Amino acid sequence: MAVSEMPPELRETLRSVCNLFERAGSSSVCLLGGSSGLLLQHVPLAVPPRDIDLYADLGEADSLHTALSRWSIDNPEENYSKGCFSLTSHYSLGGYPVELVCGFRVCSGYSQYTVETSLLLKDAPFKYYENIGFLRLMPLAHELLFNILRSRNDRYENIAAVMREDLASHIPLLNTLINRNSLEQFHLSLLEELLSVSLSPV
């Protein structure tokens, strides 16, 4: 699915989210991830996005929820599943459901990855999208690691293919994420295989 084929309802909801944060003047940092973020980075998707995923650090949860509170379905709740953690809340804004995920820690086997949006910010693509507005997207290095740990081969193979087109721009952040987190050899080897590169964990 190409960006030009984005469903109009998705484009409208993303525009509403952009306008909302612009009006609120919030200094809180959140990044668009999931299938919507991948679509905007030209990662092929088998099916159109079904929702909008916003990611933030735990310290941003209150201010972001306040900005979105008019459309809230629930309040932020701690979610523990299979050893993973997040503080998650949901909103009905436009034609697509919006999920705010804060402080996500992903666990798979002996691997553990803490999603730090403040760390990802400097590598987060930030640009204007026609009929939407300015968006900050989760970097593909994060998306690759995140989806490997979630065993989403339908996602990580396509993400890796896009990263290989400009590999040098993604490797520094990927090495940083590897060194700040704990990856078992299986996951590290899969990263290297997908990108055809040798990574350098400390």
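Model, not experiment: these values are computed from the prediction.
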**Request:** Taking the side chain as every heavy atom from C-beta outward, state whether H90 and T88 have any pair of such atoms under 4.5 Å apart.
**Result:** yes
**Asked** Can you name the residues that form a salt bridge (charged side-chain N to carboxylate O under 4.0 Å, His left out) with R150, not counting sequence neighbours?
**Response** none
**Prompt:** Mind checking what makes side chain to side chain donor-acceptor pair (under 3.5 Å) contact with T117, not counting sequence neighbours?
**Reply:** D57
**Prompt:** Can you pull the side-chain hydrogen bond (donor to acceptor under 3.5 Å, both in side chains) pairs that have at least one residue in residues 162-171, sequence neighbours excluded?
**Reply:** D166-S169
**Request:** State the CG-OG distance between L68 and S63, to the nearest 0.5 angstrom.
**Result:** 10.0 Å
**Prompt:** In the single-linkage hydrophobic clustering (I, L, V, M, F, W, Y; side-chain heavy atoms under 4.5 Å), do F85 and L100 co-cluster?
**Reply:** no
**Item:** Residues in ring pair (Phe, Tyr, Trp, His ring centres under 6.0 Å) contact with F104, at least two apart in sequence or another chain
**Value:** F146
**Asked** Less than 4.5 Å apart, any side-chain heavy atom of V101 and any of V115?
**Response** no
**Prompt:** Counting distance only, does the side-chain N/O of Q112 pair as donor-acceptor with the main-chain N or O of S182 below 3.5 Å?
**Reply:** no
**Message:** Could you check, using the six-membered ring where one of them is a Trp, whether Y110 and H187 have ring centers closer than 6.0 angstrom?
**Reply:** no
**Message:** In the structure I gave you, are the side-chain heavy atoms of P97 and T13 within less than 4.5 Å of one another anywhere?
**Reply:** no
**Asked** Is there a side-chain contact (heavy atoms from CB on, under 4.5 Å) between V162 and Q41 once you walk through the steps?
**Response** CA-CA 9 Å; V162 173; Q41 296 185 78; 5.9 Å; no
**Asked** Among all residues two or more places apart in sequence or in another chain, which pass the side chain to side chain donor-acceptor pair (under 3.5 Å) test with D154?
**Response** R152
**Message:** With a 4.5 Å cut-off on side-chain heavy-atom distances among I, L, V, M, F, W and Y, is there a chain of contacts connecting L121 to L135?
**Reply:** yes
**Fill in**
The side chain to side chain donor-acceptor pair (under 3.5 Å) partners of E9 (sequence neighbours excluded) come to none
**Message:** Test: salt bridge (charged side-chain N to carboxylate O under 4.0 Å, His left out). Region: residues 129-139. Which pairs qualify, not counting sequence neighbours?
**Reply:** none
**Item:** Hydrophobic cluster of F126, others only, ordered by chain and residue number, side-chain cut-off 4.5 Å
**Value:** Y128, F134
**Asked** Any idea which heavy atoms bring C30 and A56 closest together, and the distance?
**Response** CB-CB, 4.2 Å
**Asked** Is L173 reachable from L188 through a run of hydrophobic residues whose side-chain heavy atoms are each under 4.5 Å from the next?
**Response** yes
**Message:** So which atom in C84 and which in C107 form the shortest heavy-atom distance, rounded to 0.1 Å?
**Reply:** SG-N, 3.0 Å
**Shared hydrophobic cluster, L167 / L191 (ILVMFWY, side-chain heavy atoms < 4.5 Å)** = yes
**Item:** Taking every non-hydrogen atom, the tightest pair across Y96 and L10
**Value:** CE1-N, 3.2 Å
**Asked** If you measure from OG on S36 to CG on L45, what distance do you get to the nearest 0.5 Å?
**Response** 8.5 Å
**Message:** Could you tell me if the side chain of V98 sits less than 4.5 Å from the side chain of D51, heavy atoms only?
**Reply:** no
**Item:** Distance in Å, L149 CG paired with R105 CZ, rounded so as to fall on 0.5 Å steps
**Value:** 14.0 Å
**side-chain contact (heavy atoms from CB on, under 4.5 Å) between I52 and L93, worked out** = CA-CA 10 Å; I52 293 172; L93 178 63; over 6 Å; no
**Request:** Sequence neighbours left out, what pairs pass salt bridge (charged side-chain N to carboxylate O under 4.0 Å, His left out) with at least one residue falling in residues 175-188?
**Result:** E116-R180
**Item:** From S86 atom OG to L58 atom CG, the distance as rounded to the nearest 0.5 Å
**Value:** 9.0 Å
**Message:** Could you check whether any side-chain heavy atom of L174 comes within less than 4.5 Å of a side-chain heavy atom of L195, counting everything from C-beta outward?
**Reply:** yes
**Message:** Side chains of I132 and V17, heavy atoms from C-beta outward: is any pair under 4.5 Å?
**Reply:** no
**Message:** Within the 4.5 Å heavy-atom criterion, are L144 and L140 side-chain neighbours or not?
**Reply:** no
**side-chain contact (heavy atoms from CB on, under 4.5 Å) evaluation trace for N158 with L38** = CA-CA 10 Å; N158 287 340; L38 293 177; over 6 Å; no
**Asked** Roughly how far, to the nearest 0.5 Å, is CG of L31 from OH of Y55?
**Response** 10.5 Å
**Request:** Group every Ile, Leu, Val, Met, Phe, Trp and Tyr by side-chain heavy-atom contacts under 4.5 Å, then state whether L64 and L87 land in the same group.
**Result:** no
**Distance, nearest 0.5 Å, that separates OH of Y156 from CD1 of I148** = 6.5 Å
**Complete:** When every non-hydrogen atom of D53 is compared with those of G34, the smallest separation belongs to OD2-CA, 3.7 Å
**Item:** Derivation and outcome, side-chain contact (heavy atoms from CB on, under 4.5 Å), residues L177 and L183
**Value:** CA-CA 10 Å; L177 296 180; L183 293 188; over 6 Å; no
**Message:** Looking at every heavy atom in both S72 and S69, which two are closest together, and how far apart are they?
**Reply:** OG-O, 2.9 Å
**Side-chain cluster (under 4.5 Å, hydrophobic types only) that I73 belongs to, other residues** = none
**Prompt:** Does E78 have any side chain to side chain donor-acceptor pair (under 3.5 Å) partners at least two apart in sequence or in another chain, and if so, which?
**Reply:** Y80
**Fill in**
With sequence neighbours left out, the residues meeting ring pair (Phe, Tyr, Trp, His ring centres under 6.0 Å) with H65 are Y91
**Asked** Looking at side-chain heavy atoms only, is the closest gap between Y129 and L40 below 4.5 Å?
**Response** yes
